[in-house]
There are 2 protein chains.
Amino acid sequence: MKSVPRISETEWEVMKVLWAKAPLAAGEIIDALVAVDRTWHPKTAKTLLNRLVKKKALGFKTEGRAYLYRPLIKESECVAAASESFLDRVFGGSLAPMLAHFAQHRKLSADEVRELRRLLKEESAGTGKAKE
Amino acid sequence: MKSVPRISETEWEVMKVLWAKAPLAAGEIIDALVAVDRTWHPKTAKTLLNRLVKKKALGFKTEGRAYLYRPLIKESECVAAASESFLDRVFGGSLAPMLAHFAQHRKLSADEVRELRRLLKEESAGTGKAKE
DNA sequence: AAACAAGGATTACGGCAGTAATCGTTGCTT
DNA sequence: AAGCAACGATTACTGCCGTAATCCTTGTTT
């Protein structure tokens with residue numbers, strides 16, 4: 001098992017940038033962060049890059065005087081880990097209550113509904129075990 | 001706006017006990033926690049109770065020499081807050097990708113699929129109160 | 001009354017997170 | 001060459017979190 005390092009809230013923002021596009025130099029990453037949220041301070045971003053490198057969530061290779069960062073862990077792994085943890089903590093690990101919550105709280109758009117229907121169809125179709 | 005205080009991972013365990021049944025004395029809460037996870041230490045639980053009181057997540061009234069604790073914030077509010085935050089952070093705020101993730105990663109049981117279908121039906125039908 | 005027991009209050013302490021500022025190095029500019 | 005600018009490294013500081021231990025108060029027991 002890989003057991004992804006724990007990625008904090010703000011660190012996640014940084015990771016998102018690099019999951020979207022990599023490798024990137026620190027400056028480019030900072031630009032991307034600022035583009036999303038004006039309040040990002042370059043120094044803060046640098047600190048987070050260092051921490052993420054220390055955590056082995058990011059790696060880099062030197063390119064001239066600067067670094068090019070790239071993710072060492074996959075977004076899908078982090079998403080899975082965060083989702084598990086969230087589901088366990090908030091909904092005791094069971095899906096149905098969670099789905100009910102989201103379905104009721106945040107009204108789905110018609111498109112989303114359609115998309116989900118499609119997913120459910122796949123789900124109950126092949127996928128081995130779910131029989132209908 | 002209420003803006004529920006931020007409830008940490010372990011604090012959440014404590015809250016769950018009181019959301020399930022309240023009011024309860026510290027001893028009862030600790031018993032409940034231990035029942036779920038043997039490793040809970042009474043002192044640790046007491047610390048958390050204090051912190052939750054300080055955060056205004058819990059209140060208490062004295063009953064003889066002991067306290068009776070009760071939640072000051074509703075589970076539904078906390079669930080909503082945690083869900084929002086999770087959805088934003090991990091899935092950029094959009095439901096469909098999240099549901100897709102869960103649908104694909106944790107194979108839904110036939111029952112869950114049916115349940116979700118039912119929810120979607122309601123969704124696309126009157127959506128309860130919004131319009132209708 | 002003295003000591004104990006039960007429960008709350010206070011104190012502790014290392015680690016992570018958020019948020020930066022300062023230090024150090026090195027190529028570039030004047 | 002000297003200083004500046006760009007970039008990474010190091011240092012900082014506060015607050016929250018996990019995890020308790022110790023202290024204090026007061027009812028209870030011998």
Check your understanding: Is the distance from OP1 or OP2 of D:dA20 to the nearest side-chain N or O of B:T44 less than 4.0 Å?
Key -> yes
Review point. Is it true that a side-chain atom of B:T47 and a backbone atom of B:K43 form a donor plus acceptor pair closer than 3.5 Å?
Key: yes
Practice item. Using atom CG of A:N50 as one end and atom P of C:dA21 as the other, report the distance to the nearest whole Å. Key: 16 Å
Review point. With respect to the phosphate group of C:dA21, does any side-chain polar atom (N or O) of A:H41 fall under 4.0 Å of OP1 or OP2?
Key: yes
Exercise for review: State whether A:R6 places a side-chain N or O below 4.0 Å from either non-bridging phosphate oxygen (OP1 or OP2) of C:dA17.
Suggested key: yes
Check your understanding: What integer distance in Å separates B:L33:CG from D:dG18:C1'?
Key -> 14 Å
Exercise for review: Rounded off to whole Å, could you give me the CD-to-C1' distance for the A:E28 and D:dG8 pair?
Suggested key: 16 Å
Point to revise | For atom CG of B:L48 and atom P of D:dC16, their distance in whole Å | key: 14 Å
Check your understanding: Quick one: does A:R51 reach the base of D:dT10 with a side-chain donor-acceptor pair under 3.5 Å?
Key -> no
**Study point:** d(CH2, A:W12; C1', C:dA17) in whole Å
**Key:** 16 Å
Review point. OP1, OP2 of D:dG18 versus side-chain N and O of B:S8: anything below 4.0 Å?
Key: yes
Practice item. Tell me whether the OP1 or OP2 atom of C:dA9 has a side-chain N or O from B:Y67 closer than 4.0 Å. Key: yes
**Study point:** Spacing of B:K54 atom NZ relative to D:dC17 atom C1', expressed in whole Å
**Key:** 13 Å
Point to revise | Basic-acidic side-chain contact under 4.0 Å: A:E9, B:R89 | key: yes
Check your understanding: Can you find a donor-acceptor N/O pair under 3.5 angstrom joining the side chain of B:K43 to the base of D:dT22?
Key -> yes
**Study point:** C:dG18 OP1/OP2 closer than 4.0 Å to side-chain N/O of A:T10
**Key:** yes
**Study point:** Side-chain N or O of B:R65 closer than 4.0 Å to phosphate OP1/OP2 of C:dA5
**Key:** no
Review point. Does B:K55 have a side-chain nitrogen or oxygen under 4.0 Å from the phosphate oxygens OP1 or OP2 of D:dC17?
Key: yes
Practice item. Answer yes or no: is there an ion pair linking A:K21 with A:E28, defined by an N-O contact shorter than 4.0 Å? Key: no
Point to revise | Rounded interatomic separation in angstrom, taking CD1 from B:I30 and P from D:dT19 | key: 15 Å
Review point. Is the shortest distance from a Lys or Arg side-chain nitrogen in A:K55 or A:E11 to a carboxylate oxygen in the other one below 4.0 Å?
Key: yes
Practice item. Give one of base, sugar-phosphate or nothing for B:A26, where a contact means two heavy atoms less than 4.0 Å apart. Key: sugar-phosphate
Exercise for review: Can you tell me the distance, in whole Å, between the CZ atom of B:F60 and the P atom of C:dG7?
Suggested key: 16 Å
Check your understanding: Minimum heavy-atom separation for A:A82 to B:V90, with atom names?
Key -> CB-CG2, 3.9 Å
Practice item. Would you tell me if any nitrogen or oxygen in the side chain of B:K46 comes within less than 4.0 Å of OP1 or OP2 on C:dG8? Key: yes
